[in-house]
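These notes are about the structure you will find just below.
Every chain is numbered from 1 and lettered A, B, ... according to where its sequence line falls, protein lines coming before strand lines.
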Amino acid sequence: MLQLQTIRENKESIITALKKRNIDAAPMIAAVIELDEKRRSIQTELDGILAESNKLSKEIGLLFKSGKAQEANALKEKTAGLKETSKQLGDDLNATAAALQEQLYLIPNVPHTSVPAGNSDADNEEVFREGDIPTLFEGAMPHWELAKKYDIIDFELGVKITGAGFPVYKGKGARLQRALISYFLDKNTAAGYTEMQVPHMVNEASGYGTGQLPDKEGQMYHVQADDLYLIPTAEVPVTNLHRDDILAESDFPIKYTGYTPCFRREAGSYGAHVRGLNRLHQFDKVEIVRLEHPNNSYQALDEMVEHVKNILRELKLPYRILRLCGGDLGFTSALTYDFEVFSTAQDRWLEISSVSNFETFQANRLKLRYKDENGKSQLAHTLNGSSLALPRVLAGILENYQTENGIKIPDALVPYCGFELID
RNA sequence: GGAGAAAUGGCAGAGUGGUCGAAUGCGGCAGUCUUGAAAACUGUUGAGGGUCACACCUCCGGGGGUUCGAAUCCCUCUUUCUCCGCCA
């Protein structure tokens, strides 16, 4: 959520910047400004009436104390009208504030100046590429066939017990999953991220805090009996750890990592690109989250990108980094780098990590602030990234490391797996 | 699941209808003293709206109500604690 003050002061530049997202924000901004002005004028009027009625109440108290009941009762009558008006104004104020809030929720984050214009993922800008794309032997398979051949992931069993998009990992497949989780967590904690285990369900306030609500309501599984949401990413519970906090400048940086399963309804997804591990309703992910001073957040973003690079380098997977264009940029993000691993057998790139700076967009919803050197409250910056999402890393490993004798385990993972080959 | 108690500023903890945005202690910050630090002493120290700045307004777990007036009374929800039951 953008800050009102920022909108008031930078109306034109916000509208211009949001054009990169291919939206005309002018009507929304105009609505916000109008509602804001209305809200403030109602507030001013209401404040005056409340001030008067506060004053009268005090006088009445004093009159009663000094035994002047008659005068007191006369004043009481005066307050009746004020009460009526203030009730009405109060209702007005609430309605206007709610409408304003609703309108603010509709406006996405302002893209960073480096974000390229564009409509779709075709317009994303490749900024880095590394690693050799292996030459596979004749008869190399995509991961869903490998999974079946070596009996390490069973999609049908998942369908039986739950439904499509809920795979069952078996034997060495399960062990490799666990190995990846431990390996990622170790890499992240070694880089100074504190490991956290958080709930896998969150309440509504948390959903609003990081921006999944109300924008992506239909993407989350909602447990209606208890009004809780299954998390679509660890970003939600981890970032919300500091909802409503006021930090000291010296608290920065705050760096967390956490492993969680992630649940996504993926309503409307279909086709070849959702085969196998490419798109799931439940998958595992290790996330990194940072809370930063605004002056340092872009440096932090670069550090996160370097960190993820190091992991992919160590896994010896061919990958590239894209700077997302305005049309592909998430609602809450100001700048996002996507990491993609090349799937040799599928001959396409698979997104395995997304690293973003949300600037103050989430912090404003979270009321996540810090005290600056003048003792004033300022919004912090929040960032997060996958480090890393398991299914597509697994797909990349299976497909790129396959040999005629089985699937080799990347050297870095052998100590975690306890075996070198899936055969 | 049943019975009872409670929720107040960063923390602890007073406050049961007006003089309370809230005593006191701890912590934080600034100053005095000191070569420096500690101790001691003095001052200061919640959040939000509003204003050029003041004024002013709102907030004592959330929501609603009673009253001229609510941290204080009533209703309701949530959470925590104690006892009982159940349980990985």
Rounded [atom1] spacing from [N] to [M] in Å:
N      : M      : atom1 : answer
B:rU66 : B:rC75 : C1'   : 10 Å
B:rG28 : B:rG9  : C1'   : 13 Å
B:rU34 : B:rU45 : P     : 28 Å
B:rC33 : B:rA14 : C1'   : 34 Å
B:rG17 : B:rU72 : P     : 11 Å
B:rG21 : B:rG15 : C1'   : 13 Å
B:rU16 : B:rA23 : C1'   : 16 Å
B:rG69 : B:rU80 : C1'   : 32 Å

Report yes if a side-chain nitrogen or oxygen of A:K58 is closer than 4.0 Å to either non-bridging phosphate oxygen (OP1 or OP2) of B:rG17; otherwise report no.
no
What is the ring orientation for A:H293 with A:F252, classed by angle as parallel under 30°, tilted 30 to 60°, or perpendicular over 60°?
perpendicular
Plane angle bin for A:F166 and A:Y221 - parallel if under 30°, tilted between 30 and 60°, otherwise perpendicular
tilted
Whole angstrom value for the distance that separates [atom2] of [N] from [atom1] of [X]:
X      : N      : atom1 : atom2 : value
A:D226 : B:rC77 : CG    : C1'   : 15 Å
A:K371 : B:rG10 : NZ    : P     : 10 Å
A:K367 : B:rC59 : NZ    : P     : 17 Å
A:L63  : B:rC68 : CG    : P     : 15 Å
A:I49  : B:rG50 : CD1   : P     : 19 Å
A:L50  : B:rC57 : CG    : C1'   : 7 Å
A:I60  : B:rA70 : CD1   : P     : 12 Å
A:N73  : B:rC68 : CG    : P     : 10 Å

Watson-Crick/G-U partner (both atom distances under 3.5 Å) of [N]:
N      : result
B:rA88 : none
B:rU78 : B:rA7
B:rU32 : B:rA40

Show the numbers, then the answer: is there a side-chain hydrogen bond (donor to acceptor under 3.5 Å, both in side chains) between A:Y208 and A:E204?
CA-CA 6 Å; A:Y208 275 94; A:E204 194 180 50; 4.8 Å; no
Chi angles and distances behind the side-chain hydrogen bond (donor to acceptor under 3.5 Å, both in side chains) call for A:H381, A:E292:
CA-CA 5 Å; A:H381 280 195; A:E292 291 285 346; over 6 Å; no
Looking at A:F419, is A:K172 sitting on its ring face, NZ or CZ under 6.0 Å from the six-membered ring centre and within 45 degrees of the normal?
yes
5′-ward residue of the pair A:K83/A:R369 relative to RNA chain B:
A:R369
Judged by nearest nucleotide, the residue sitting upstream toward the 5' end of RNA chain B, A:G61 or A:Q43, is A:G61
I'd like to know whether the aromatic ring centres of A:Y193 and A:Y256 sit less than 6.0 Å apart in this structure.
no
Determine, using ring centers only, whether A:Y298 and A:H112 are less than 6.0 Å apart.
yes
Which parts of residues 29-42 of chain A get close to RNA chain B, meaning a heavy atom less than 4.0 angstrom away?
A:R39, A:R40
May I ask you to list the residues of residues 74-82 of chain A, by number, that have any heavy atom positioned under 4.0 Å from an atom of RNA chain B?
A:K76, A:T79
Using side-chain heavy atoms (C-beta onward) and a distance below 4.5 Å, is A:M28 in contact with A:Q103?
yes
Decide yes or no for A:E235 and A:N240: does some side-chain heavy atom of the first lie under 4.5 Å from some side-chain heavy atom of the second?
no
Select one nucleotide: of B:rG69, B:rC57, B:rA47, the one nearest the side-chain heavy atoms of A:N54.
B:rC57
Would you classify A:S377 as touching base, sugar-phosphate or nothing, given that sugar-phosphate means primed atoms plus P, OP1 and OP2, and contacts are heavy atoms under 4.0 Å?
sugar-phosphate
Value rounded to 0.5 Å, distance of CD1 in A:I288 from OG in A:S353
7.0 Å
So, does A:Q402 use its side chain to make a donor-acceptor pair with the main chain of A:M141 at under 3.5 Å?
yes
